[in-house]
Amino acid sequence: MDKIKTILISGPTASGKTSVSIELAKKLNGEIICIDSMQIYRNMDIGTAKVTQEEMQGISHYMIDELYPSQMSDVAWFKDTVKNYINQIHQKNKVPILVGGTGFYINAILYDTEFSEKNSNYEMRNEFREYAFLNGTDKLHDKLKEIDPVSAESIHPNNVKRVARALEYFYETGHTISSHNTTELNKRTSNNSPYNFKFFTLNMDRQILYNKINQRVDIMINAGLLNEAKWLFDQNFDENLTAMKAIGYREFFPYFKGEIDLDTAIEKVKQNTRNYAKRQLTWFKHQANPIFVEVDKFNFEMPLIVKEILKYIE
RNA sequence: GCCUCUAUAGCUCAGUCGGUAGAGCAGAGGACUGAAAAUCCUCGUGUCACUGGUUCGAUUCCGGUUGGAGGCA
């Protein structure tokens, strides 16, 4: 049986993924799956730049509003859910178009990262984090050195999250996470993806991108971002929830508490968004092998961009 | 007009008891495989405003000039 054909449109935030994907879907009889760690949450529309009903132009979208902010997402669940949607869309004889900026999730889907083994233990994670807090990050790192020197070598002691996960993985499965990672990385290079995919990353001059980001934050403010942020703030959720880390929300919490003024909070949103865009680009450049589409070279003209992408398809 | 303070990295400021300087922020680069919009790592040469003087040597001390802030009239 032939592999299912899919198209993936990625890129940093504010690069125009949404409109490109909708134009493509119209041209290719496609449906859209959003690969975005934050658009998955309900009640967080403006700040996550979620597609609006009008923008969709009748194209079906999936993986939006699947969870409540009080729920935790994770790669394994995300990948399985997307997989199902891809199959469903394919069975309708339509083209699944994946669009999003969460590189970690994208790779998990495209390169079929193995998560079947049950090995996630949040309690253990928290214990390790507590241990590092009480005894210092180096002490936690020493524990890792004992059971998995290879991982200890590549994970910085300050990166408690990773050190804790590596330890958790070992105690849950009896194997080192470094061996698991090696296996999964080999899958990526040996091209045994379950999909026949074309992977695009939209990009543009850095300064232009930053200007777009700044402008978009202002637009979000005018569209009522503050109300959304206030709502989330008022829920009094645990600050460790993924949804509480969303840029465009958490920066306003100190403002609601009266600790900073509004302009400072808005500047912080812009800055964090810029930094995030930078991290996304680093991921796409080094953790994947996409076709880069420099949209500013096409003057941001949608027909030209779509035409460029279509050149690589079929 | 007079007096006082001030002029150092894109920004906010340290500092050098005289031997050409360093933090935070911004910015840049990177890592990443069950929290990922998360988490973490690396990167700081700039006419030390200009101009004279003292000195072996001045960004540092002294004089003047110019810009800024405050006070008195």
Side-chain angles (χ1 to χ4, degrees), chain A residues 12-14 34-41 44 47-50 67 69 71-81 100-126 128-129 132 137 140-141 151 153-166 168-169 172-173 176-189 206-207 210 213-214 217 220 232 238-251 264 267-288:
Chain A
T13 187
C34 296
I35 314 299
D36 190 295
S37 64
M38 292 301 174
Q39 293 183 357
I40 197 79
Y41 293 112
M44 296 170 68
T48 64
K50 214 177 274 176
L67 299 177
Q71 296 175 288
M72 286 291 254
S73 163
D74 77 78
V75 221
W77 167 82
F78 204 101
K79 180 195 139 185
D80 288 343
T81 314
T102 306
F104 184 44
Y105 289 3
I106 291 169
N107 278 17
I109 296 157
L110 292 188
Y111 304 114
D112 200 30
T113 309
E114 182 59 57
F115 299 118
S116 60
E117 204 170 358
K118 180 72 185 157
N119 62 53
S120 153
N121 185 331
Y122 282 74
E123 274 178 37
M124 197 184 282
R125 252 179 244 187
N126 286 333
F128 286 133
R129 192 167 60 178
T137 56
L140 187 70
H141 194 253
S151 289
E153 187 61 33
S154 65
I155 304 173
H156 193 280
N158 288 354
N159 204 343
V160 174
K161 206 182 221 182
R162 286 260 150 66
V163 176
R165 167 93 263 257
E168 172 197 350
Y169 188 92
E172 285 291 298
T173 68
T176 62
I177 200 167
S178 45
S179 63
H180 172 257
N181 290 350
T182 306
T183 312
E184 297 308 316
L185 278 167
N186 282 339
K187 283 161 72 174
R188 193 168 91 190
T189 48
R206 185 68 56 83
Q207 203 50 56
Y210 284 179
I213 286 171
N214 296 341
V217 171
M220 286 176 175
L232 194 64
D238 185 323
E239 59 176 17
N240 292 313
L241 286 171
T242 308
M244 294 295 275
K245 311 272 186 169
I247 297 169
Y249 297 88
R250 56 172 216 245
E251 293 85 356
T264 307
E267 277 313 305
K268 201 70 195 158
V269 172
K270 291 176 179 175
Q271 184 197 312
N272 285 343
T273 309
R274 279 183 252 126
N275 294 162
Y276 168 52
K278 170 67 179 46
R279 265 177 277 134
Q280 287 178 298
L281 251 7
T282 301
W283 178 283
F284 295 128
K285 273 193 281 189
H286 302 282
Q287 302 296 324

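Note that this is a predicted model, so its numbers are computed, not measured. The chains referred to below are lettered A, B, ... by the order of the sequence lines, with proteins before strands, and numbering in each begins at 1.
One distance of note links CE of A/M244 with CE of A/M44; it measures 8.5 Å at 0.5 Å rounding. Atoms CE and OG1, from A/M38 and A/T102 in turn, are 8.0 Å apart once rounded to the nearest 0.5 Å. A distance of 4.5 Å separates CZ of A/F78 from CD1 of A/I40, quoted to the nearest 0.5 Å. A/H141 NE2 to A/I155 CD1: the interatomic distance, rounded to the nearest 0.5 Å, is 6.5 Å. Here OH of A/Y210 is found 6.5 Å from CG of A/N275. Values are rounded to the nearest 0.5 Å.
Candidate nucleotides B/rG34, B/rG29, B/rA31 were compared by shortest atom distance to the side chain of A/R206, and B/rG29 ranks first. Comparing B/rU39, B/rG34, B/rC41 against the side chain of A/I177 picks out B/rG34 as the nearest. The side chain of A/K245 has B/rU39 as its nearest neighbour among B/rA36, B/rU39, B/rU33. For A/F104, counting side-chain heavy atoms from C-beta on, the closest listed nucleotide (B/rG34, B/rG29, B/rU39) is B/rG34. Here the side chain of A/A76 is nearest to one of B/rG34, B/rC40, B/rU33, namely B/rG34. Each of B/rG34, B/rU39, B/rA38 was ranked by its minimum atom distance to the side chain of A/N159; first place goes to B/rU39. Nearest to the side-chain atoms of A/V75 among the listed nucleotides B/rA31, B/rG34, B/rG29 stands B/rG34.
A/K270 meets the salt bridge (charged side-chain N to carboxylate O under 4.0 Å, His left out) test with A/D218, A/E267; sequence neighbours excluded. With sequence neighbours left out, the side-chain hydrogen bond (donor to acceptor under 3.5 Å, both in side chains) criterion links A/Q39 to no other residue. A/R129 pairs by the side-chain hydrogen bond (donor to acceptor under 3.5 Å, both in side chains) definition with A/N126, not counting sequence neighbours. A/K50 is linked by a salt bridge (charged side-chain N to carboxylate O under 4.0 Å, His left out) to A/D45, A/D65, counting only residues two or more places apart in sequence or in another chain.
Side-chain N/O atoms of A/R165 include none lying less than 4.0 angstrom from OP1 or OP2 on B/rU39. Put simply, A/N107 has no side-chain N or O that comes within less than 4.0 Å of OP1 or OP2 on B/rU33. Contact check, A/N158 against B/rC41: a side-chain N or O comes under 4.0 Å of OP1 or OP2. At B/rG30, one or more side-chain N or O atoms of A/T282 fall inside 4.0 Å of OP1 or OP2 (strictly under the cut-off). Contact between the side-chain N/O atoms of A/R162 and the OP1/OP2 oxygens of B/rU33 is found at a separation under 4.0 Å. Listed pair A/H286 / B/rG30 meets the phosphate criterion, a side-chain N or O lying under 4.0 Å from OP1 or OP2. At the phosphate of B/rG29, OP1 or OP2 sits under 4.0 Å from a side-chain N or O atom of A/K278.
Taking the P atom of each, B/rG63 and B/rA7 are spaced 16 Å apart, rounded to whole Å. The P atoms of B/rU45 and B/rG24 are separated by 14 Å, rounded to the nearest whole Å. For the C1' atom pair drawn from B/rC13 and B/rG68, the interatomic distance equals 16 Å after rounding to whole Å. If you take atom C1' in B/rC50 and the same atom in B/rG29, they sit 37 Å apart, rounded to whole Å. Going from the P atom of B/rC72 to that of B/rA9 covers 32 Å, rounded to whole Å. Taking atom C1' in both B/rG15 and B/rA36, one finds a spacing of 41 Å when rounded to whole Å. Nucleotides B/rC25 and B/rC32 place their C1' atoms 26 Å apart, quoted to the nearest Å. Across the C1' atoms, B/rU66 and B/rG27 are found 31 Å apart, a figure rounded to whole Å.
At the heavy-atom level, A/N240 lies nowhere under 4.0 Å from the strands shown. Nucleic acid contact for A/T273: none, since no nucleic acid atom lies under 4.0 Å from a heavy atom of the residue. A/Y105 comes within contact range of the sugar-phosphate backbone alone, with a heavy-atom separation under 4.0 Å but no base atom that close. Within the 4.0 angstrom heavy-atom criterion, only backbone atoms of the sugar-phosphate kind lie near A/N181; the bases stay farther away. Using a 4.0 Å heavy-atom distance criterion, A/N126 is classed as making no nucleic acid contact. Using a 4.0 Å heavy-atom criterion, one finds that A/T102 contacts the sugar-phosphate atoms exclusively. Using a 4.0 Å heavy-atom cutoff across all strands shown, A/G47 reaches at least one base atom of the nucleic acid.
Regarding A/W283, its CH2 atom lies at a distance of 8 Å from the P atom of B/rU33, rounded to whole Å. Regarding A/M72, its CE atom lies at a distance of 11 Å from the C1' atom of B/rA36, rounded to whole Å. The separation between A/Y111 atom OH and B/rG34 atom P is 17 Å, rounded to whole Å. Atom P of nucleotide B/rG27 and atom OH of A/Y210 are separated by 6 Å, given to the nearest angstrom. A/Q39 has its CD atom 14 Å from the P atom of B/rA36, to the nearest Å. Distance, A/K285 NZ to B/rC32 C1': 15 Å, rounded to whole Å. Rounded to an integer number of Å, the gap from NZ of A/K268 to P of B/rC25 is 8 Å. Protein atom CZ of A/F115 is 11 Å distant from nucleotide atom C1' of B/rA36, rounded to whole Å.
Side-chain atoms of A/N107 and A/Q287 form no donor-acceptor pair, as typed in the model, at a separation below 3.5 Å.
Nearest approach of A/K187 to A/Y111, heavy atoms of both residues: CE-O, 3.7 Å. Here the closest non-hydrogen pair linking A/V75 and A/F104 is CG2-CE2, 3.2 Å.
Base pairing in RNA chain B yields stems of at least 3 consecutive Watson-Crick or G-U pairs, both distances under 3.5 Å, namely B:1-7 with B:66-72, B:10-13 with B:22-25, B:27-31 with B:39-43, B:49-53 with B:61-65.
Taking the nucleotide of RNA chain B with the nearest heavy atom to each of A/A108 and A/R279, the more 5' of the two is matched to A/A108.
Between the side chain of A/R188 and the base of B/rU33 there is at least one donor-acceptor pair of N/O atoms closer than 3.5 Å.
Counting only heavy atoms from C-beta outward, the side chains of A/L241 and A/P69 never approach each other to under 4.5 Å.
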Distances under 3.5 Å between protein N/O atoms and the N/O atoms of nucleotides 10-12 of chain B, please, pair by pair.
none

